Amino acid sequence: MGIVQRIAALLGISAYQPAPRLSASLDSPQVTAIRKAMGGQVQPIPFSQARWYLEDIEIAERSADVGQIGMAARLMRAARKDGVYAGVLSTRTDGLVRLPKRFRGRQDIVEALEVGGEETRSVFDEMCPAAELAAIVADGIELGVGVGELVPVEGRDYPVLVRLDPEFLYYMWSENRWYFKSIAGLIPITPGDGRWVLHCPGGRMSPWQRGLWRAVGRAYIRKEHALLHRDNWEAKLANPARVAYAPAAATDEQSASWLRKVMAWGVNTVFALKPGYEVKLLESNGRGWESFSKTAAEQDNEFVIAVCGQTVTTDGGTGFANADVHRSIRADLIKATADALAYTINTQVLPQWIWARFGEDALVGESGALVEWDVTPSKDRNAEATSLVTTANAIKLLSEALAPSGQQLDVVALCEKFGVPVVRKSAALPAPEADDGIEEAEIVSIESRRAA
C-alpha cells in the first residue's frame with residue numbers, strides 16, 4: 001500500500017470520489033514557473049471590501065450554497081477589524097495553539113519531533129508554526145473550513161505549513177472536491193498528499209453551514225452602522241449652535257457687525273453686550289445617541305456568545321449556582337477545537353513527514369506518532385489540600401459517630417468519592433482487625449478525579 005492509499009485510509013476518503021478533472025497541481029511545471037515569477041506566491045491578491053450591508057450576508061449565503069465562500073471569507077476578514085471580536089476569537093486560536101503539546105507513538109519519532117523543544121523551537125514548531133496554526137483554526141471556526149500549503153524548504157527534510165486565504169477556496173459539487181483559485185488557475189486540493197492541508201471542523205459536507213460567519217457577520221455589520229450613525233450624530237449635534245439676538249431697533253449694519261463678532265467666537269471669547277443684545281448656545285436635549293451605543297453593546301455580546309458559547313468567561317457573569325459551570329463550557333469548546341486541529345495534523349501533516357524520514361514501516365500498525373494539545377485546566381493545589389483536610393476530618397468524625405451503634409464507615413468508598421488516593425493492604429500482609437473497616441485486596445491506586 002502506497003503513501004497515497006494510506007493517507008486516504010487515514011482520512012476516510014469516499015470510494016465514490018472520482019479523480020479530479022483538472023490535472024494541474026502545485027508541483028506541475030506550469031504552476032512552478034508562474035510561482036517563481038511571482039516570488040513563490042500561489043494565491044492572488046486578496047480583495048478587501050470596506051463597506052458592508054445586511055443584504056451582503058444574503059448574497060454570501062446564496063454564493064456559499066454553490067461552493068463559493070469567497071464573500072463569506074472577505075466578511076470575516078473585515079470583522080476582525082473589531083477589537084472585541086478579535087479579542088474573543090484569539091482565546092480560541094492563539095490561546096489554544098500555545099498550550100502544552102503531548103506526543104504519543106514510537107519513541108524515536110516522538111524524540112525527533114521534540115528536538116530543540118527546550119531551548120529553541122522544536123521540529124514540530126518549525127514545521128507547524130503557531131501563528132499559521134492559529135490562523136487556520138480561526139478559518140475553521142468562522143467558515144467551517146481552512147486551507148494551508150506544506151511548502152518545501154531547502155536544506156531540511158520537513159516542510160513549513162503556510163496558511164492560505166480561504167477567499168480562494170471553491171467547492172465543486174459535481175466532484176465532491178475542493179479547488180483553490182491560484183494565480184495559475186484552479187488547482188484541485190488533495191488533503192494529505194504532502195502539499196495540501198484542508199482543515200474541516202465544520203464537517204465534510206457543506207462545512208460553511210456550521211461556521212460562525214453569518215452570526216458574526218450580522219453583528220459586525222450592525223455594530224459598524226451603529227457606530228457610524230453615532231459619529232454622525234456627534235458631528236451634527238454634539239457641537240451646539242450659536243444663537244445671537246440683536247435689538248429690533250438695530251440697523252442692518254449693526255446686526256451684521258454683531259453677527260460677525262459671534263461668528264468669530266473662539267476659545268475664551270468675552271462679549272460686552274448692551275441691552276437688547278443676547279448670545280447663547282442651542283444644544284440638543286435628545287437622547288438618540290444612546291440607541292446607537294446600546295446597539296453596539298448588544299453586538300459585542302453577540303460576538304462573545306458566538307465564539308465562547310456564553311459571556312461568563314468574559315464578564316464574570318452572575319446568577320450561576322455552580323461557579324464551575326462556565327469553566328466546563330469553556331473547556332468543551334477548547335477541547336473540540338483542539339481535537340479538530342489535532343486530527344488535521346495527525347492525518348495530513350505528520351504521516352508524510354514520518355514516511356519521508358522513517359520509511360513506510362513507520363506508518364504500519366501502532367507505529368508513527370500523534371500530537372494532541374493538553375487543554376486540561378490547571379489545578380488549584382490549595383483547594384486540593386483543603387479538600388483533603390476536610391475529607392480527613394469528615395472520616396474521623398463519621399467513624400466516631402458510627403462506633404457506638406456498631407456500624408463501620410466504608411473508608412475506601414468515601415476516598416473514591418472524594419478522589420483521595422489510597423493503597424489497600426495486600427493479602428500477604430496480616431489480616432486487619434474485624435473493626436478495622438478495611439477489607440483485604442490487591443494493591444490499587446485510586447487516581448484523583450476531582451477537578452479544581
Side-chain angles (χ1 to χ4, degrees), residues 48-61 64 69 71-98 131 133-146 163 165-167 199 201-202 207-231 289-320 325-338 340-341 375:
S48 296
Q49 185 171 329
R51 288 288 179 266
W52 290 89
Y53 302 92
L54 290 177
E55 65 175 336
D56 291 331
I57 298 181
E58 299 176 3
I59 299 173
E61 284 183 306
I69 66 170
M71 194 169 185
R74 291 194 297 272
L75 176 57
M76 288 299 93
R77 188 164 61 241
R80 295 183 197 181
K81 294 187 298 184
D82 188 275
V84 175
Y85 175 64
V88 295
L89 180 64
S90 67
T91 61
R92 290 274 301 273
T93 58
D94 297 273
L96 166 66
V97 299
R98 287 168 177 81
L133 289 178
I136 291 178
V137 169
D139 293 335
I141 294 173
E142 294 174 334
L143 302 168
V145 61
R163 175 257 188 187
D165 200 311
E167 175 184 347
H199 181 53
W208 56 83
Q209 300 287 6
R210 300 170 184 86
L212 301 180
W213 62 274
R214 286 170 292 184
V216 172
R218 183 184 62 178
Y220 164 71
I221 294 172
R222 294 195 64 203
K223 181 178 180 181
E224 281 288 291
H225 288 190
L227 295 179
L228 288 174
H229 290 320
R230 189 178 68 181
D231 292 342
W289 61 272
E290 294 180 353
S291 65
F292 305 135
S293 298
K294 182 179 180 181
T295 299
E298 289 175 350
Q299 306 322 304
D300 287 340
N301 195 60
E302 286 277 323
F303 289 145
V304 176
I305 293 177
V307 177
C308 299
Q310 35 71 42
T311 62
V312 183
T313 50
T314 302
D315 57 22
T318 57
F320 276 83
V325 168
H326 65 277
R327 295 184 183 180
S328 300
I329 298 174
R330 186 71 197 180
D332 288 347
L333 289 175
I334 294 181
K335 177 64 174 174
T337 306
L341 178 60
V375 297

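Values in this document were obtained by computation on a predicted structure and should not be read as measured data. All residue numbers refer to positions in the sequence shown, counting from 1.
- For the pair L333 and C308, the tightest heavy-atom approach, listed with the atom from each and the gap, is CD1-O, 2.7 Å.
- Closest non-hydrogen pair, G140 versus H199, comes out as CA-CD2, 4.2 Å.
- The two atoms that bring A306 and L212 nearest to each other are O-CD1, 3.3 Å, heavy atoms only.
- Listed for the Q299 side chain is a donor-acceptor partner under 3.5 Å among the backbone atoms of T295.
- None of R80, R214, R74 except one satisfies the salt bridge (charged side-chain N to carboxylate O under 4.0 Å, His left out) rule with E142; the exception is R80.
- To the nearest 0.5 Å, atoms OG (S48) and CD (E167) are separated by 7.5 Å.
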Original post:
Is there a side chain to side chain contact (heavy atoms under 4.5 Å, CB included) between I141 and V137 once you walk through the steps?
Top reply: CA-CA 6 Å; I141 294 173; V137 169; 4.0 Å; yes
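- The CZ atom of R77 sits 10.0 Å away from atom CG of D139, with the distance rounded to the nearest 0.5 Å.
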Original post:
Can D300 and D82 be said to form a side chain to side chain contact (heavy atoms under 4.5 Å, CB included), step by step?
Top reply: CA-CA 9 Å; D300 287 340; D82 188 275; 4.3 Å; yes
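- Separation of atoms CZ (R51) and CG (L228) is listed at 5.5 Å; rounding is to 0.5 Å.
- In this structure, CG on L143 lies 12.0 Å from CD on Q209, to the nearest 0.5 angstrom.
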**OP:** Report the C-alpha distance between K223 and F303 in whole Å, list the side-chain angles of each, state the deciding distance to 0.1 Å, and finish with yes or no for side chain to side chain contact (heavy atoms under 4.5 Å, CB included).
**Re:** CA-CA 11 Å; K223 181 178 180 181; F303 289 145; 4.1 Å; yes
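- Here the closest non-hydrogen pair linking P201 and A340 is CB-CB, 3.9 Å.
- Remark: the backbone N or O of A72 is not paired with any side-chain donor or acceptor of W213 at under 3.5 angstrom.
- Judged by distance alone, with hydrogens and angles left aside, the side-chain atoms of R92 form a donor-acceptor pair with the main-chain N or O of V307 at under 3.5 Å.
- For the residue pair A78 and Q49, the shortest heavy atom distance occurs at CB-O, 4.4 Å.
- Ion pairing between a basic and an acidic side chain is recognised when a charged N comes within 4.0 Å of a carboxylate O; E302 and R222 show no such pairing.
- Minimum interatomic distance between Y220 and L75 (heavy atoms only, all atoms of both residues): CD2-CD1, 4.2 Å.
- Residue L54 holds its CG atom at 11.5 Å from CD1 of I59, rounded to the nearest 0.5 Å.
- Distance alone, capped at 3.5 Å, is enough to place a donor-acceptor pair between the D56 side chain and the Y53 backbone.
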